Amino acid sequence: MVRILIFDVPGMHADGIKFSISGGYGSDISDQIGVSNNAFVDAQNNEDIIAVARCYTDITTNILNAQNAYPRVQTFYPLGSNVFYRLYNFAHQEPPVIITCGAGDIGYEDENNTGFGFGLEFWDVDNNPNVGPDESSYAMRVLGKILKIKDTLNCTWWEARFRARMTADRNEPNRETYMWDLHNGYGFINVAAAIAYKGIIPVDPYNPGAEITIANEEIQFTKTPTIGLSGEPVTVTIPAQTIYAENVTIANQYASAKAENLANQQANFSAIPIIGIESLVDTDYGTGNFIALSKIILENSKTECKLQVFVNQSSISKLPVKTLSQEITLPITVINSIYSLLKEIRFPNGTLKYNED
């Protein structure tokens, strides 16, 4: 049964879009995808159709068609360019009823590398990762991913879309804002995380019957340094009546998420050096109780650590009872990570000791 229509003519372009959709879904669903040069009319006449994909630059001309087909039929489009420059199709950052996408490559750019701007919702890889220019037409993996969420949960398009927004991976090196970003939208959809999402699903804002009129209360969030980090706490306040939803609980939830994201961006914490691990170790000279790194050998993907064992921490300035020492300069964050792994693997009952001077 055909459930998806590609608004195109048969050929290589449509075949590439079909391949991309299946790739996002995680299995071959090409037998559920048809091609039509009059897709919105065909969707109106066939209730089996639940999605339309159009991969050209005429997105603004089809917004009304997309609205008339919604909510049974969800429309998907690239934002409108295979070149990384800003597009001005829309005046507001919130995407329209149409779900939009851009393309980039994981392991290469790790970010959207095609047209960006207001209205961009997600990005994904195209059909040729790391090869040549990125092609936003083939980022229709986004359609496949959201359909997979929808099918798995038997939910509405809006719920699948909202889950994808809340749980998308947002690790792009050029990302400037959370949760939505001008260059990358809401990010790279994580299907498993979206399916597992336990948060509240708000009323569909694209449904003509939805009314979003209730404002948030004042929300405050404070980010404090955790163990091993130093710095001043950061407090962000979201004023009342700045975020709206269908009820105050959801409006406050959005305000809390916004406050936390802003605090995470503003926090400037630094790592406190770990000077060693307190744990009992047998030596030829008795039991030592303090271990410090003395040599770190980095080779390919492996790290070999030589350790000095001391009778107690105060003797660290004296000769150790057992040693093989060599100086090496590494960033604090790297050394701290090695100590943490040593504690986990070699000294699970040990306690990390920080230099608090």
Side-chain angles (χ1 to χ4, degrees), residues 6 13 16-17 19-26 51 53-60 62-63 66 74-149 160-194 257-258 261 264-265:
I6 298 173
H13 189 241
I17 297 168
F19 181 83
S20 175
I21 294 170
S22 289
Y25 195 83
R54 172 74 169 168
C55 296
Y56 288 91
T57 59
D58 55 355
I59 184 170
T60 57
N62 274 308
I63 291 178
Q74 176 67 64
T75 304
F76 294 78
Y77 256 91
L79 193 61
S81 171
N82 289 338
V83 180
F84 187 70
Y85 63 82
R86 184 166 181 177
L87 300 173
Y88 292 89
N89 293 328
F90 304 104
H92 304 284
Q93 73 176 49
E94 177 64 20
V97 65
I98 297 170
I99 295 178
T100 64
C101 62
D105 292 321
I106 297 297
Y108 192 64
E109 300 102 3
D110 291 323
E111 62 193 34
N112 174 47
N113 196 41
T114 57
F116 63 90
F118 288 160
L120 177 63
E121 191 156 4
F122 303 105
W123 68 276
D124 215 297
V125 297
D126 60 12
N127 292 342
N128 297 300
N130 300 343
V131 177
D134 294 307
E135 299 171 293
S136 58
S137 290
Y138 305 136
M140 277 297 142
R141 293 172 65 92
V142 165
L143 191 167
K145 286 183 173 182
I146 295 181
L147 179 60
K148 183 67 174 183
I149 298 165
R161 180 180 191 173
F162 183 80
R163 286 170 171 271
R165 289 183 182 184
M166 293 298 101
T167 57
D169 295 332
R170 289 180 266 270
N171 305 314
E172 304 92 352
N174 68 341
R175 176 171 287 272
E176 297 176 349
T177 55
Y178 295 80
M179 297 174 57
W180 184 88
D181 176 72
L182 185 71
H183 299 98
N184 303 286
Y186 285 97
F188 188 89
I189 296 175
N190 184 324
V191 173
K258 182 175 182 180
N261 285 329
N264 287 335
Q265 293 177 52

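No experiment lies behind these values; they were computed from the predicted model shown. Positions are given from 1 along the sequence.
Between Trp123 and Asn184, the shortest heavy-atom contact is CD1-O, 3.6 Å. Shown here for Ser137 and Ile17, the closest heavy-atom pair between the two residues is O-CG1, 3.9 Å. For Ala103 against Ser136, the heavy-atom pair with the smallest separation is CB-CA, 3.8 Å.
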Can you list the steps and then say if Arg165 with Glu94 is a salt bridge (Lys or Arg N to Asp or Glu O under 4.0 Å)?
-> CA-CA 12 Å; Arg165 289 183 182 184; Glu94 177 64 20; 3.1 Å; yes
What do the steps show when you test Arg170 against Asp181 for salt bridge (Lys or Arg N to Asp or Glu O under 4.0 Å), and what is the final call?
-> CA-CA 9 Å; Arg170 289 180 266 270; Asp181 176 72; over 6 Å; no
Show your reasoning for whether side chain to side chain contact (heavy atoms under 4.5 Å, CB included) applies to Arg86 and Leu182.
-> CA-CA 9 Å; Arg86 184 166 181 177; Leu182 185 71; 3.9 Å; yes
Go through Ile149 and Ile189 one step at a time and tell me if the side chain to side chain contact (heavy atoms under 4.5 Å, CB included) criterion holds.
-> CA-CA 10 Å; Ile149 298 165; Ile189 296 175; 4.3 Å; yes
Please walk me through it: do Phe122 and Arg141 pass side chain to side chain contact (heavy atoms under 4.5 Å, CB included)?
-> CA-CA 10 Å; Phe122 303 105; Arg141 293 172 65 92; over 6 Å; no
Please test Asn62 against Thr75 for side chain to side chain contact (heavy atoms under 4.5 Å, CB included), starting from the C-alpha separation and ending with a verdict.
-> CA-CA 9 Å; Asn62 274 308; Thr75 304; 5.9 Å; no
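One N or O on the side chain of Thr100 and one on the backbone of Glu121 form a donor-acceptor pair closer than 3.5 Å. In terms of modelled atom types and a separation under 3.5 Å, the side chain of Trp180 and the main chain of Leu120 share a donor-acceptor contact. In this structure, the side chain of Thr60 does not engage the main chain of Asn89 through any donor-acceptor pair within 3.5 Å. Put simply, the side chain of Asn190 gets close to the backbone of Ala193: a donor and an acceptor are under 3.5 Å apart. With hydrogens and angles disregarded, a donor-acceptor distance shorter than 3.5 Å links the side chain of Asn127 to the backbone of Gly16.
No hydrogens or angles considered: nothing links the side chains of Asp110 and Asn171 as a donor-acceptor pair under 3.5 Å.
Here the straight-line distance linking atom SG of Cys101 with atom NZ of Lys145 works out to 11.0 Å at 0.5 Å rounding. From Thr177, atom OG1 reaches atom CG of Asn261 across 9.5 Å, with rounding to the nearest 0.5 Å. Expressed to the nearest 0.5 Å, how far OH of Tyr85 lies from OG1 of Thr114 amounts to 10.5 Å. Annotation: the span from Leu143 atom CG to Gln74 atom CD amounts to 8.5 Å, rounded to 0.5 Å. Note that SG of Cys55 is 7.5 Å distant from CD1 of Ile6, once rounded to the nearest 0.5 Å. Distance CG/Leu147 to CZ/Phe76: 7.5 Å, rounded to 0.5 Å.
With sequence neighbours excluded, the residues that form a salt bridge (Lys or Arg N to Asp or Glu O under 4.0 Å) with Arg175 are Glu172. In this structure, Glu109 has no salt bridge (Lys or Arg N to Asp or Glu O under 4.0 Å) partners at least two apart in sequence or on a different chain.
Heavy atoms of other residues, nucleotides or ligands lying less than 6.0 angstrom from OH of Tyr56 number more than 12.
In this structure the side chain of Ile63 reaches within 4.5 angstrom of the side chain of Ile98, judged on heavy atoms. Between Met166 and Met179 the shortest side-chain heavy-atom distance falls below 4.5 Å. Side chains of Phe90 and His92 form no contact here, defined as non-hydrogen atoms less than 4.5 Å apart. With a 4.5 Å cut-off on side-chain heavy atoms, Arg161 and Tyr186 do not count as touching.
Checking each of Asn82, Asn112, Asn113, Asn128 against Asp134 for a side-chain hydrogen bond (donor to acceptor under 3.5 Å, both in side chains) leaves exactly one that passes, namely Asn113.
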